[in-house]
Amino acid sequence: MDHFLRVIGEMFPDAHCELNHRNPFELTIAVLLSAQCTDETVNKVTVDLFQKYQTPADYLAVPLEELQHDIRRIGLFRNKAMFIQKLCRILIDEHDGEVPEKHEQLTKLPGVGRKTANVVVSNAFGVPAIAVDTHVERVSKRLGFAKSDDSVLEVEKKLMKLIPRELWTETHHRLIFFGRYHCKAQNPQCEVCPMAELCKEGKGRMKLALNRKAK
DNA sequence: AACTCGGGGCA
DNA sequence: TGCCCAGAGTT
């Protein structure tokens, strides 16, 4: 793990999502939109979106169809537009128009699951957390930080044990970057991988992919 | 546990 | 052109 932390720190010394600088409300919306969709697409859409909508009331001031149209370049946009309006209604009615800081409150919001809540508490409210998405899950299992059949929650628990608490948030971002650009689901760059000595798959991944396909 | 949403990225 | 994906809700 020490080797991993050092190397990934060198690879991504300043790793952070572009979402970091946003306020809690915009961060929540942005992360909700990012489900099953690349950050790049979300960033393109939110440039105009956050100019048009600044407060929960702004999202409720337009018909659902208009909001759907405004985020139509994002996958699952019909669901997400609905989630956003329901979420804004709850923020206004139950949280004085603000995003709640407690993880438990966040996951009650529509469209906000464990992953989104972790990102919000860690990036908006400074609470160390590791949000396990498919990238983090894949990288963690390949590098042997978790077992291949571990659930997302089990992966999260194991990473929290392995990584010092003060490094959770930044390491999470580095894991995302590593998974996105190097340890990709398809065509990972194993030939030049600095983590090769840790990897449980490596060149065997082709065989694993083949087995998975045969099922 | 399986199914659904869905346009964009990439081979 | 077809497959996969920076999740979460529903049944």
Side-chain angles (χ1 to χ4, degrees), chain A residues 8 12 15-22 26-49 64-65 67-90 99 103-124 129-142 148-156 159 168-190 205-206 208-215:
Chain A
I8 205 170
F12 309 107
H16 64 284
C17 286
E18 297 82 346
L19 310 173
N20 275 359
H21 66 280
R22 305 194 200 286
E26 290 191 346
L27 176 65
T28 304
I29 299 293
V31 178
L32 185 156
L33 289 174
S34 74
Q36 296 295 101
C37 163
T38 64
D39 268 358
E40 287 147 15
T41 306
V42 173
N43 288 334
K44 286 177 193 165
V45 169
T46 51
V47 169
D48 294 330
L49 193 72
L64 176 60
E65 293 74 21
L67 181 55
Q68 288 175 338
H69 183 269
D70 290 338
I71 62 170
R72 68 191 182 285
R73 299 210 301 139
I74 294 190
L76 318 181
F77 64 90
R78 277 180 263 268
N79 282 342
K80 289 173 181 175
M82 189 182 60
F83 288 152
I84 288 172
Q85 287 198 330
K86 287 185 177 178
L87 181 150
C88 288
R89 171 50 58 197
I90 294 174
V99 175
H103 190 281
E104 183 183 339
Q105 305 280 359
L106 284 165
T107 52
K108 286 180 184 170
L109 300 172
V112 179
R114 182 171 190 85
K115 183 254 179 179
T116 302
N118 279 4
V119 173
V120 171
V121 297
S122 64
N123 292 311
I130 299 174
V132 177
D133 54 33
T134 54
H135 285 316
V136 175
E137 181 180 2
R138 181 180 63 253
V139 171
S140 299
K141 290 180 176 181
R142 282 180 177 168
S148 61
D149 59 346
D150 278 346
S151 68
V152 167
L153 190 57
E154 285 169 327
V155 174
E156 183 181 326
L159 287 176
W168 283 354
T169 301
E170 65 182 76
T171 304
H172 156 73
H173 287 138
R174 289 169 177 167
L175 278 167
I176 299 268
F177 273 64
F178 183 60
R180 175 87 178 100
Y181 298 109
H182 298 272
C183 194
K184 298 183 287 188
Q186 292 98 23
N187 306 319
Q189 302 173 339
C190 300
R205 69 185 165 74
M206 298 304 288
L208 289 174
L210 219 61
N211 288 340
R212 190 153 52 97
K213 210 168 185 177
K215 278 186 180 176

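Bear in mind the structure is a predicted one, so any value in this text is a computation, not a measurement. In what follows, every chain begins at residue 1, and chains take the letters A, B, ... in the order their sequences are listed.
Not one side-chain nitrogen or oxygen of A:K44 sits closer than 4.0 Å to the OP1 or OP2 atom of B:dG7. For C:dC5, the OP1/OP2 oxygens have a side-chain nitrogen or oxygen of A:Q186 closer than 4.0 Å. Residue A:R78 has a polar side-chain atom (N or O) positioned under 4.0 Å from OP1 or OP2 of B:dG6. Not one side-chain nitrogen or oxygen of A:T38 sits closer than 4.0 Å to the OP1 or OP2 atom of B:dG8. Residue A:Q36 places at least one side-chain N or O closer than 4.0 Å to OP1 or OP2 of C:dG7. Taking 4.0 angstrom as the limit, A:T116 places none of its side-chain polar atoms (N or O) nearer than this to OP1 or OP2 of C:dG7.
Mapped onto DNA chain C by nearest heavy atom, A:K86 and A:D133 fall at different nucleotides, with A:D133 at the one closer to the 5' end. Between A:T134 and A:P110, the one whose closest nucleotide on DNA chain C sits nearer the 5' end is A:T134. Remark on DNA chain B: of its neighbouring residues A:R72 and A:K184, the 5'-side contact belongs to A:R72, judged by nearest-heavy-atom nucleotide.
Side-chain proximity of A:T41 to B:dG8, C:dC5, C:dA6: nearest is B:dG8. Among the nucleotides B:dC5, B:dA11, C:dC5, the one closest to any side-chain atom of A:N187 is B:dA11.
Rounded to whole angstrom, the span from the NE2 atom of A:H69 across to the P atom of B:dG6 amounts to 15 Å. When rounded to the nearest whole Å, the span between OH of A:Y181 and C1' of B:dG9 equals 12 Å. Put simply, CZ on A:R180 is 9 Å from P on B:dG9, counting in whole angstrom units. Between the C1' atom of C:dA6 and the NE2 atom of A:H182 lies a distance of 16 Å, rounded to the nearest Å. Note: CD (A:E40) to C1' (B:dG7) measures 14 Å, nearest angstrom. Taking atom CG on A:L76 and atom P on C:dC4, their separation rounds to 16 Å, with Å as the unit. Atom CZ of A:F77 is separated from atom P of B:dG6 by 6 Å (rounded to the nearest Å). Atom P of nucleotide B:dT4 and atom CZ of A:F83 are separated by 16 Å, given to the nearest angstrom.
Pairing each heavy atom of A:T41 with each of A:R73, the nearest pair is CG2-O, 3.5 Å. Heavy-atom minimum distance, A:A131 versus A:V136: O-CG2, 3.8 Å. Across every non-hydrogen atom of A:L33 and A:I74, the tightest pair is O-CG2, 3.5 Å. Nearest heavy atom pair, residue A:A81 against residue A:I71, reads N-CD1, 3.7 Å.
The separation of C:dT11 from B:dG6, taken at their P atoms, amounts to 16 Å, rounded to a whole angstrom. Using P as the reference atom, C:dG7 and B:dC10 are 16 Å apart when rounded to the nearest Å. For C:dC4 and B:dC3, the P atoms lie 15 Å apart once the distance is rounded to whole Å. Annotation: C:dA6 and B:dA11 have their P atoms spaced 14 Å apart (nearest Å).
Residue-level contact check: A:V136 touches neither bases nor backbone, having no heavy atom under 4.0 Å from any strand. When heavy atoms are screened at a 4.0 angstrom cut-off, A:L109 is found touching the sugar-phosphate backbone but no base atom.
Crowding of A:Q189 atom CD: a count of heavy atoms from other residues, nucleotides or ligands under 6.0 Å exceeding 12.
Rounding to the nearest 0.5 Å gives a distance of 10.5 Å between OG1 of A:T116 and CZ of A:F83.
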